[in-house]
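What follows is a single structure, written as structure tokens, with notes after it.
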Amino acid sequence: MKTVIDAHTVSKTFNPNTIPVHAINNVHLHMEQGEFSALVGPSGSGKTTLLNLIGGLDKPDTGNIIIHGIDITKLSPNELIDFRLHNIGFVFQSFNLIPVLTAKENVELIMQLQNRKRADIEKRILSLFKQIGLEDKIDTRPSQLSGGQQQRVAVARALASKPQLVLADEPTANLDSKSAANLLDIMAKLNQEENITFIFSTHDVRVIERARRVITLVDGQIHSDTARVETEPQTTDLATAK
Amino acid sequence: MNTSLAWRNVWRNKMRSLLIMASMAIGLFAGIFVLALYEGMLRARVRTVIDTEVAHLQIHHPKFKDDYDPAMILPDQEQVMRSLDQLKSINHIAYRSIAQGMLATATGSAGVQINGILTEQENLVSQLDKKIRDGKGLMVNKKNAIVVGRKLADKMKLKVGSKLVLTFTDKESNITSGAFRVVGIYKTNNTPLDERNVFVNKAVLNSYLNLGEASHEVAIILHNDEDVQTVKQRLQQQLPTYAVESWKENSPETDLMVSTINQYSSIIIIIIMLALAFGIINTMLMSVLERSREIGMLTALGMNRVRVFVLILSETVLLTVVGVPLGLLSSWLVVNYLSAAGIDISSFSGAAMSGFGFSSIIYPRFPITQLPEVMLIVIGTALIASLFPSLKAIKLQPADALRQ
């Protein structure tokens, strides 16, 4: 298996000069291509911070994070932006679609940033919207889509750049059960068919149940790291996380 | 996509965008209107100075203006005439004799400049006949006729038919006096000029001065204002022993006024542009801060800083592209209308304006040649003002912005 993430002794402290908050404390994490993992833990445990560090949105105070063989902690801000554009897809809790663009344009934007050819873009968009089951909503503005539909568009946007790693921060938090299940089905399918690595930060049992690996964070440290099969019942560690 | 996104972002908050477009339009309108107003005032003043006061050019004995000695006549009037005849740029010429003297009536006295004129020439050069408000102009057959200004007439309680005595020195520096009767009262837009200048027939004044046919001054009106410097240089070459002076040298206060008012208009435009700049900074900054989460998200997804910078800058450019034509159109309509109808300010500052030699009716005029300059100033201001919000946008850290 190919290594996607290799993080060593990663720490991140907020407000170091005033009231220090040790969000991530000496974390080691290794992840292989094609994993479907959930980062769980109580609020303030450091899930989103760890996700941001892996995604290069934040820099750790100490440690190294190697993604696809590249130590992203050594990259300059501009190199990091370029790295994210070509290697990482993001899905956010509140969808974060651009309201003035249509669903198609939201997805297209990423490919335009990659300077891809028009024909490639059109082909990819059709394929992505077919995968998320929203071919009929392609020219619809986000405000006219349901929460579930918006999050599916956000998934399409995350996949637009053909990343091998997708980081999803509480992707189902604002969705009803049906929409959440639908979204998870799409992501699970993409994971299986295209071998894309997914990492979710979540509180949602529905997500945790579908994850094949569950990493529990407590006070910025990995409390447990459990590999499990989809049908396997919840572990005690997860109960703590809830 | 960047331009399309910028355009759609502009219309996210319609009221705010319309307000900023309106402020740009008003800024441009104000800038153009101020320039047009001053240009109209200055052109009218310069026109008055040239057409009714000092003409385009004057020729004197080089020492005449030192102390207006009546002996300092044009040394060779024939030579001057021959030189002037050769120049096709010249439209009208008036020969004058001049004396500084004292005007006395039964009620008082005042220092005046006595201008000996040839009526027909003078009417063409300084349009004296058009300025007569009471009585008639000078007639050759009326020997001791005099025309005085309205301000002097009011001050000395003179009316048409009033008698007065002029005292001055002749060519040999002898004091001489003459009794004159007011045949006309003139009025110009320049009150100090009205108070100081009186007009008599040149032959009469010359007889008192013992000058014969001689003159102290030749006033020249050209066909085109633009030829002043060229003709001046040519005349100076042909008449090296004479003082050939343009209207700027003969009316330095007008030249000073032109440059001073130009500076004032620049200051006013700077103030207008500063107000516009702060309006844009305020609006665009608000727009950036409101969208900081979205901008952070774009950066997170891979939009580099240059693109973010260009996006915010493009939004300002698009606002400008709409606002500027609106300002241009409104100012063109208003200035065009007022350039024909005029703005009458006589009811609140007519006397003050007249005191400075300005007409109380202003005809704003905007030279089309200044249009690119004004547009560049407005667009430049808008772009400079958008730099701060654009820089603010690129400094947003994606993780921080997404946490908001």
Side-chain angles (χ1 to χ4, degrees), chain A residues 12 14 23 48-60 76-102 104-115 118 121 141-143 154 157-161 163 167 169-170, chain B residues 1-18 283-284 286-319 322 390-404:
Chain A
K12 177 74 182 174
F14 292 109
T48 300
T49 304
L50 183 58
L51 218 54
N52 285 345
L53 292 171
I54 293 168
L57 300 179
D58 239 341
K59 281 219 167 188
S76 70
N78 285 335
E79 287 170 334
L80 257 180
I81 290 173
D82 197 52
F83 181 82
R84 286 198 298 265
L85 177 63
H86 292 96
N87 297 283
I88 304 174
F90 289 92
V91 179
F92 305 100
Q93 178 182 340
S94 49
F95 326 135
N96 284 352
L97 297 176
I98 299 171
V100 293
L101 299 180
T102 62
K104 178 189 172 186
E105 287 165 341
N106 265 285
V107 178
E108 193 180 324
L109 179 66
I110 305 305
M111 290 184 273
Q112 289 196 346
L113 293 176
Q114 290 180 309
N115 295 320
R118 188 76 232 164
I121 291 174
R141 292 255 175 122
S143 58
R157 181 179 64 185
L159 296 169
S161 61
L167 305 175
D169 189 10
E170 307 266 10
Chain B
M1 178 66 97
N2 236 18
T3 314
S4 166
L5 181 57
W7 177 247
R8 293 184 208 185
N9 282 338
V10 163
W11 296 108
R12 276 185 189 210
N13 190 327
K14 288 190 182 70
M15 180 56 78
R16 190 167 60 201
S17 294
L18 286 172
T283 307
M284 292 310 296
M286 206 187 296
S287 169
V288 166
L289 293 177
E290 272 179 7
R291 287 186 288 145
S292 55
R293 187 182 170 84
E294 185 178 303
I295 292 166
M297 181 272 297
L298 285 171
T299 316
L301 295 182
M303 184 178 268
N304 62 36
R305 290 169 183 205
V306 174
R307 280 183 191 262
V308 172
F309 186 85
V310 170
L311 177 68
I312 306 299
L313 209 65
S314 305
E315 290 175 22
T316 315
V317 170
L318 290 170
L319 285 168
V322 178
S390 303
L391 290 170
K392 186 87 182 167
I394 63 169
K395 281 183 181 168
L396 284 171
Q397 293 301 318
D400 294 338
L402 286 166
R403 266 193 286 270
Q404 285 177 18

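Each chain gets a letter, A, B and so on, in the order its sequence line appears, and its residues count up from 1. Please read these numbers as outputs of a predicted model, since none were measured by experiment.
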Step by step, would you call L298(B) with L109(A) a side-chain contact (heavy atoms from CB on, under 4.5 Å)? CA-CA 9 Å; L298(B) 285 171; L109(A) 179 66; 3.4 Å; yes
Walk me through whether I98(A) and M297(B) qualify under side-chain contact (heavy atoms from CB on, under 4.5 Å). CA-CA 9 Å; I98(A) 299 171; M297(B) 181 272 297; 3.8 Å; yes
Verdict with reasoning, N96(A) to L402(B), per side-chain contact (heavy atoms from CB on, under 4.5 Å): CA-CA 9 Å; N96(A) 284 352; L402(B) 286 166; 3.4 Å; yes
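Of all heavy-atom pairs spanning P398(B) and L57(A), the tightest one is CB-CD2, 4.0 Å. In terms of heavy atoms, R307(B) sits closest to L113(A) at CD-CD2, 3.3 Å. Nearest heavy-atom pair across R293(B) and S94(A) is NH2-OG, 2.8 Å.
Heavy atoms of F92(A) lying under 4.5 Å from chain B belong exclusively to its side chain. Q397(B) does not touch chain A: none of its heavy atoms, backbone or side chain, sits under 4.5 Å away.
The most heavy-atom pairs under 4.5 Å with chain A, out of A399(B), A300(B), G296(B), come from A300(B).
Heavy-atom neighbours of K392(B) NZ from other residues, nucleotides or ligands within 6.0 Å: at or below the threshold of 12.
Taken to the nearest 0.5 Å, the CG atom of N304(B) stands 6.0 Å off from the CD1 atom of I81(A).
Within the 3.5 Å criterion, the main-chain N or O of P99(A) finds no donor-acceptor partner in the side chain of R8(B).
Residues L5(B) and V100(A) have side chains in contact (heavy-atom distance under 4.5 Å, counting atoms from C-beta outward).
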